[in-house]
Amino acid sequence: MVVKNICCLGAGYVGGPTCSVIASKCPEIKVTVVDKSVTRIAQWNSEKLPIYEPGLDEIVKARRGKNLFFSNNIEKAILEADLIFISVNTPTKTFGNGKGRAADLKYVEGAARMIADIAKSNKIVVEKSTVPVRAAESIMNILKANNEPGVSYQILSNPEFLAEGTAIQDLMHPDRVLIGGEETPEGQLAIEELCSIYEHWIPRKSILTTNTWSSELSKLAANAMLAQRISSINSLSAVCEATGADVSEVAVAIGLDSRIGPKFLQASIGFGGSCFQKDILNLVYICESLSLPEVAAYWQQVIDMNEYQKTRFTAKVVQSLFNTVSGKNITLLGFAFKKNTGDTRESPAIHVAKTLLDEGASLNIYDPKVEESQILYDLTHPSICESPEEVKKLVKIYPDAYSATNGAHAVVICTEWDEFVTLDYREIYRSMMKPAYIFDGRKILDHEELINIGFHVQTIGKRLPRPLSTRMWSGTAVV
Ligand SMILES: NC(=O)C1=CN([C@@H]2O[C@H](COP(=O)(O)OP(=O)(O)OC[C@H]3O[C@@H](n4cnc5c(N)ncnc54)[C@H](O)[C@@H]3O)[C@@H](O)[C@H]2O)C=CC1
Ligand SMILES: O=C(O)[C@H]1O[C@H](OP(=O)(O)OP(=O)(O)OC[C@H]2O[C@@H](n3ccc(=O)[nH]c3=O)[C@H](O)[C@@H]2O)[C@H](O)[C@@H](O)[C@@H]1O
């Protein structure tokens, strides 16, 4: 079979960009991205796409209506497809057995049941969603138990490694593409079919093929190890603050060791995003289910360290502001979980905002890409607050950094947006209450310059001197 028709179930952060790039690189293949959500599909078909991702608009505009389609007609897309990507969400379970840790596979199962109900011809079904090891077995069981006579399936695992904010770049030039499949002749044939799609733009040597379970586990392992690096450097940031070492200098020094490497050593307010925490919790749950408590505890520590970092940073904000923020105006610059995305899922900014609101602060918030409605939705969620009305009174969203900081007691940098680096901090200082504080949770600002302006500055993993005018003696005092 030569794949001519692809269907993708799930038009989210993975399904949308991945299929747009496939459509752009394989003009002879018809790619249809479907979703249950009518709103989401309408947004994909509009001028304003549902997600912000640099480079995405151009690709979608170039291919939409030619060989790239967004649709709610799931039945038609499944019937037509030779190959189906499952790119649905796999959130952490919020109920029952494994609550708070196991992956909730109801959407994956729902997708498998849809395929089984609708398909009338053979299909290659590709797990793109991040799933627990051996999920492909469950999908196959569902498909086999419900299939039309004569219809057969091959299940492949093809985890996605893109990061938000650089998704298009990551999809165009991936470090590797991973494809896992059955070690049978039919399984190997299906792997070859999927390889031939990626080979339109990715060299064969960058396409790695493995057995299904290795592929599924490698995705969880990659996210766990990336997050582990962040927790490791964040743990060291606490040691730096206690000793006078500078975590950025430590990161450079250790990153130059080619066995360690320089990436993912940026100490921060803590990692966020929809996947690191969920995938590690999933790994922890799998280990516990496999009676491997020591392994489970090892990975759990990556999450615990992240919680510690978020709490430690916010406690520092409150402590520095004379141990009370009640009635004070605090500005959060950035609300997305990282720059170049409008995604706020598990954003550390939510943790900061919640703690400050609990302490009685009023918040001014500005983010270049997060919609006001999203910020208010996140902060009034039942898991965050008991009184949405109270939150709405205490939180104001601003259209730019200058209006957001006007009259504030303190500024907290929650996201490392480039535009925050080049703001006129003299102007901001003039408009703020005094003493004026900046808490740089992303280590992006020129701290020396800010101190010279008059700010009290706190950051992660480095002690900073007080502004000159407040020093009792020269040089060494810390805020
Ligand atoms: N967000 C990211 O950067 C990455 C996510 N992943 C994984 O990819 C998967 C998808 O993640 P996102 O795209 O972020 O999720 P998302 O929540 O943005 O999108 C999932 C979409 O699937 C739709 N859906 C659910 N069941 C469906 C069904 N039966 N038929 C049609 N549509 C259905 C939902 O309506 C939703 O629009 C997850 O397993 C995630 O762990 C992997 C790599 C990167
Ligand atoms: O499975 C997924 O969803 C994806 O998860 C991450 O991608 P993403 O969460 O989009 O973004 P990252 O760049 O990994 O950043 C995650 C969080 O860690 C933080 N981070 C990252 C790097 C660093 O050095 N320090 C640090 O604090 C970021 O600010 C952000 O809050 C992985 O990088 C992707 O490979 C993976 O496909």
Side-chain angles (χ1 to χ4, degrees), residues 7-19 33-41 43-44 50-51 53 70-72 74-75 77-78 84-92 103-115 117-118 127-132 135 158-167 170-171 174-175 219-220 222-227 229-234 237 251 255 262-280 282 306 309-310 334 336-341 343-349 414-416 441-443 460:
C7 159
C8 174
L9 299 176
Y13 285 85
V14 166
T18 307
C19 285
V33 188
V34 293
D35 203 291
K36 292 191 298 193
S37 160
V38 174
T39 319
R40 212 161 207 189
I41 291 300
Q43 287 171 322
W44 280 109
I51 63 178
E53 197 57 69
F70 296 94
S71 166
N72 291 117
I74 299 179
E75 184 168 351
I78 291 178
I84 302 171
F85 284 112
I86 298 181
S87 299
V88 301
N89 35 333
T90 49
T92 303
D104 186 349
L105 292 181
K106 71 174 173 224
Y107 301 105
V108 172
E109 180 174 339
R113 288 188 185 279
M114 272 179 174
I115 298 170
D117 285 349
I118 296 168
E127 271 175 0
K128 190 141 267 308
S129 299
T130 303
V131 289
N158 173 218
E160 184 48 63
F161 295 102
L162 68 80
E164 288 177 31
T166 53
D170 296 340
L171 288 163
D175 287 348
K219 173 62 197 178
L220 296 181
N223 273 1
M225 295 199 68
L226 288 168
R229 280 173 74 92
I230 304 170
S231 278
S232 296
I233 200 73
N234 281 344
S237 73
K263 294 181 182 166
F264 267 69
L265 289 179
Q266 173 71 31
S268 67
I269 187 175
F271 60 74
S274 63
C275 292
F276 277 173
Q277 175 164 311
K278 133 179 121 58
D279 293 348
I280 297 173
N282 185 358
N306 199 48
Q309 186 74 350
K310 288 189 281 186
F337 81 96
K338 64 185 283 200
K339 74 173 180 179
N340 293 335
T341 178
D343 194 352
T344 61
R345 291 178 289 178
E346 302 295 336
S347 176
C414 291
T415 314
E416 72 281 23
R442 293 297 189 159
K443 299 176 66 63
I460 308 269

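Numbering starts at 1 and runs along the sequence shown. A quick note: this is a predicted structure, and the numbers were derived from the prediction, not measured. All ligand and atom numbering here is 1-based and tracks the order in the structure.
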### Summary
For atom 7 (C) of ligand 1, the closest protein heavy atom turns out to be T130 OG1, 3.5 Å
### Message
Please list the nearest protein heavy atom to atom 3 (O) of ligand 1 with its residue and the distance rounded to 0.1 Å.
### Response
E164 OE2, 3.2 Å
### Query
Going by an N to O cut-off under 4.0 Å, is there a salt bridge joining E127 and K219?
no
### Message
Show me which atoms of ligand 1 lie under 4.0 Å from any heavy atom of L162.
### Response
3 (O), 44 (C)
## Note on the structure
Applying side-chain contact (heavy atoms from CB on, under 4.5 Å) to A349 and not counting sequence neighbours gives F335, S347, C414
### Task
Quick one: look at S87 and ligand 1, take heavy-atom pairs under 4.0 Å, and tell me if it's side chain, backbone, both or neither.
backbone
## Note on the structure
Check: of V88, N89, V14, T90, min heavy-atom distance to atom 9 (C) of ligand 1 comes from V88
### Task
Please name the pair of heavy atoms, one in K128 and one in V14, separated by the smallest distance, quoted to 0.1 Å.
CG-CG1, 3.9 Å
### Message
Testing the basics here: between I269 and R442, what is the closest heavy-atom pair and its distance to 0.1 Å?
### Response
CG2-NE, 3.8 Å
### Message
Please report whether ligand 1 has a polar contact with Y107, defined as an N or O pair separated by less than 3.5 Å (distance criterion only).
### Response
no
### Query
Less than 4.5 Å apart, any side-chain heavy atom of D117 and any of I78?
no
### Query
Quick one: does ligand 1 sit under 4.0 Å from the side chain of V131, the backbone, both or neither, non-hydrogen atoms only?
neither
### Query
Relative to ligand 1, is S129 under 4.0 angstrom through side chain, backbone, both or neither, heavy atoms considered?
both
Polar pairs, ligand 2 vs protein, N/O only, below 3.5 Å.
unit_1   : atom_1 : unit_2 : atom_2 : d
ligand 2 : 1 (O)  : K219   : NZ     : 2.8
ligand 2 : 1 (O)  : N223   : ND2    : 2.8
ligand 2 : 10 (O) : E164   : N      : 2.8
ligand 2 : 11 (O) : K338   : NZ     : 3.2
ligand 2 : 13 (O) : K338   : NZ     : 2.8
ligand 2 : 24 (O) : L265   : N      : 3.4
ligand 2 : 24 (O) : Q266   : N      : 2.9
ligand 2 : 25 (N) : Q266   : O      : 2.8
ligand 2 : 27 (O) : S268   : OG     : 2.6
ligand 2 : 29 (O) : R442   : NH1    : 2.7
ligand 2 : 31 (O) : G272   : N      : 2.9
ligand 2 : 31 (O) : F337   : O      : 2.8
ligand 2 : 35 (O) : F161   : O      : 2.7
ligand 2 : 37 (O) : E160   : O      : 3.4
ligand 2 : 37 (O) : F161   : O      : 3.2
ligand 2 : 37 (O) : L162   : O      : 2.7
ligand 2 : 37 (O) : K219   : NZ     : 2.9

### Contacts of type side chain to side chain donor-acceptor pair (under 3.5 Å), residue E109, not counting sequence neighbours
R113
#### Entry: Any N or O of Y13 closer than 3.5 Å to N or O of ligand 1
yes
### Query
Which residues pass the side chain to side chain donor-acceptor pair (under 3.5 Å) test with N306, sequence neighbours left out?
none
### Task
Using atom types as modelled and distance alone, determine if a side-chain donor or acceptor of E53 lies under 3.5 Å from a backbone N or O of T166.
yes
## Note on the structure
Heavy atoms of A336 and T415 approach each other most closely as O-OG1, 2.8 Å
### Query
Numbering the atoms of ligand 1 from 1, which are under 4.0 Å from a heavy atom of K219?
43 (C)
### Query
So which protein heavy atom does atom 23 (C) of ligand 1 come closest to, and at what separation?
D35 OD2, 3.2 Å
### Task
Give the single entry among R40, K278, M114, R345 that approaches atom 41 (O) of ligand 1 most closely by any heavy atom.
K278
### Query
Quick one: nearest non-hydrogen protein atom to atom 22 (O) of ligand 1, plus distance?
G10 CA, 3.4 Å
### Message
Testing the basics here: between P50 and Q43, what is the closest heavy-atom pair and its distance to 0.1 Å?
### Response
CB-OE1, 3.2 Å
### Task
State, with a plain yes or no, whether a side-chain heavy atom of K263 is found less than 4.5 Å away from one of L226.
no
### Message
Which residue and atom name correspond to the protein heavy atom nearest atom 30 (N) of ligand 1, and how close is it?
### Response
K36 CG, 3.7 Å
### Query
Is any side-chain heavy atom of N234 less than 4.5 Å from a side-chain heavy atom of F271?
no
